[in-house]
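What's counted below: heavy atoms across the whole structure, side chains too, no hydrogens, waters or symmetry copies.
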Amino acid sequence: MKKILFTLGLITSFSSQAALELTNCVIVEPAPTSNVTGIFFDIRFRVTDEVKKLRIPGPESIQGATIKGLSDTAEIHETVIKDGVMTMKQITQYKIKPNTEHQFKRGGHHLMIRDFSQRPVAGEEYELSVWSTYTEDPSCMAKVVKSADLAMLKSKQVGSAE
């Protein structure tokens with residue numbers, strides 16, 4: 001009986017490969033007087049045979065996220081530079097190109113949370129679940145880091161990929 005259950009588990013895990021994958025998930029610890037902070041990650045839309053069977057009518061996209069134990073809603077923002085002034089603009093969705101890695105990072109697209117249920121502190125981890133249009137919502141464990149450590153963390157991730 002144990003062998004049958006083990007075999008069924010293996011078959012299920014191989015056949016249910018995620019279409020959207022999140023990696024390098026981080027939440028920036030907010031400044032002492034701030035009630036907002038940013039979330040950064042990489043996301044990839046893998047077009048598997050299962051995804052092809054879905055016959056998705058349009059491009060996959062994400063509309064926001066939930067951070068379990070921290071915030072029910074994270075908004076998608078993009079950084080816009082106009083006349084030399086940098087601002088952030090909320091957008092309703094972000095389209096994900098197939099088989100391409102998209103980076104949600106400072107100075108580009110990112111998630112913003114405000115009015116958190118508890119203040120995130122460096123070293124803690126929270127489950128980030130991104131809302132997708134057609135495929136299963138991907139999730140990852142996002143580590144809270146200090147703002148000053150974010151650049152160093154990114155350079156380590158780039159160095160480890162080589």
Side-chain angles (χ1 to χ4, degrees), residues 7-30 36-80 88-118 120 122-145 147 149-162:
T7 304
L8 286 174
L10 281 177
I11 291 169
T12 305
S13 66
F14 287 125
S15 65
S16 61
Q17 223 176 11
L20 286 175
E21 298 173 351
L22 297 176
T23 56
N24 303 321
C25 302
V26 294
I27 300 169
V28 176
E29 182 180 63
V36 299
T37 194
I39 301 170
F40 308 106
F41 56 91
D42 298 333
I43 187 168
R44 178 180 283 272
F45 177 34
R46 295 194 187 279
V47 180
T48 62
D49 288 339
E50 285 184 10
V51 171
K52 289 176 185 174
K53 289 177 189 175
L54 291 175
R55 295 180 152 188
I56 296 174
E60 178 61 285
S61 63
I62 59 174
Q63 294 79 34
T66 300
I67 300 86
K68 193 174 186 176
L70 196 59
S71 177
D72 291 334
T73 306
E75 304 166 346
I76 304 172
H77 286 240
E78 67 179 337
T79 304
V80 178
M88 285 181 274
K89 175 181 155 190
Q90 183 180 354
I91 58 176
T92 56
Q93 71 174 340
Y94 178 85
K95 293 181 180 172
I96 307 288
K97 293 178 185 172
N99 300 316
T100 303
E101 185 171 88
H102 299 258
Q103 294 183 334
F104 277 57
K105 60 184 180 178
R106 266 201 181 140
H109 290 93
H110 56 279
L111 297 179
M112 292 292 294
I113 55 173
R114 57 184 86 245
D115 302 324
F116 1 90
S117 55
Q118 67 180 30
E124 296 177 336
E125 287 190 346
Y126 295 91
E127 183 179 357
L128 167 67
S129 295
V130 175
W131 309 330
S132 60
T133 305
Y134 300 110
T135 61
E136 188 174 327
D137 293 348
S139 63
C140 66
M141 291 306 293
K143 186 169 187 164
V144 180
V145 298
S147 182
D149 296 336
L150 187 61
M152 186 171 38
L153 183 65
K154 278 295 183 186
S155 67
K156 283 182 183 178
Q157 290 168 351
V158 169
S160 65
E162 294 177 351

Tell me whether [X] contacts the main-chain N or O of [Y] through its side chain, where contact means a donor paired with an acceptor under 3.5 Å.
| X | Y | answer |
| --- | --- | --- |
| Ser117 | Leu70 | yes |
| Thr37 | Val28 | yes |
| Ser71 | Phe116 | no |

By side chain to side chain contact (heavy atoms under 4.5 Å, CB included) - contacts of Pro98 (at least two apart):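 With neighbours one apart ignored, the set is Phe45, Val47.
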Sequence neighbours excluded, every pair satisfying salt bridge (charged side-chain N to carboxylate O under 4.0 Å, His left out) that has a member inside residues 61-80: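 Checked against salt bridge (charged side-chain N to carboxylate O under 4.0 Å, His left out) - neighbours excluded - the pairs reaching residues 61-80 are Glu75-Arg114, Glu78-Lys89.
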Minimum heavy-atom distance between His110 and Thr79, given as atom pair plus value: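 It is CE1-OG1, 3.6 Å.
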Give every donor-acceptor pair under 3.5 Å between a side-chain atom in residues 134-145 and any protein atom, sequence neighbours left out.
from, atom 1, to, atom 2, distance (Å)
Thr135, OG1, Glu60, OE2, 2.6
Asp137, OD1, Ser132, N, 2.9
Asp137, OD1, Ser132, OG, 3.0

Using the side-chain hydrogen bond (donor to acceptor under 3.5 Å, both in side chains) criterion, which residues pair with [X]? Sequence neighbours excluded.
| X | value |
| --- | --- |
| His102 | Tyr94 |
| Asn99 | none |
| Glu101 | none |
| Thr133 | Ser61, Gln63 |

If you define the side chain from C-beta out and look only at heavy atoms, does anything of [X] sit under 4.5 Å from [Y]?
| X | Y | result |
| --- | --- | --- |
| Ile67 | Leu111 | no |
| His109 | Ile91 | yes |
| Leu20 | Val130 | no |

Identified side chain to side chain contact (heavy atoms under 4.5 Å, CB included) partner of Phe104 from the options Val26, Ile76, Asn24, Ile39: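 That would be Ile76.
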Reported CZ-to-OG1 distance for the pair Arg44 and Thr100, which is rounded to 0.5 angstrom: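 Going from CZ on Arg44 over to OG1 on Thr100, the span is 7.0 Å.
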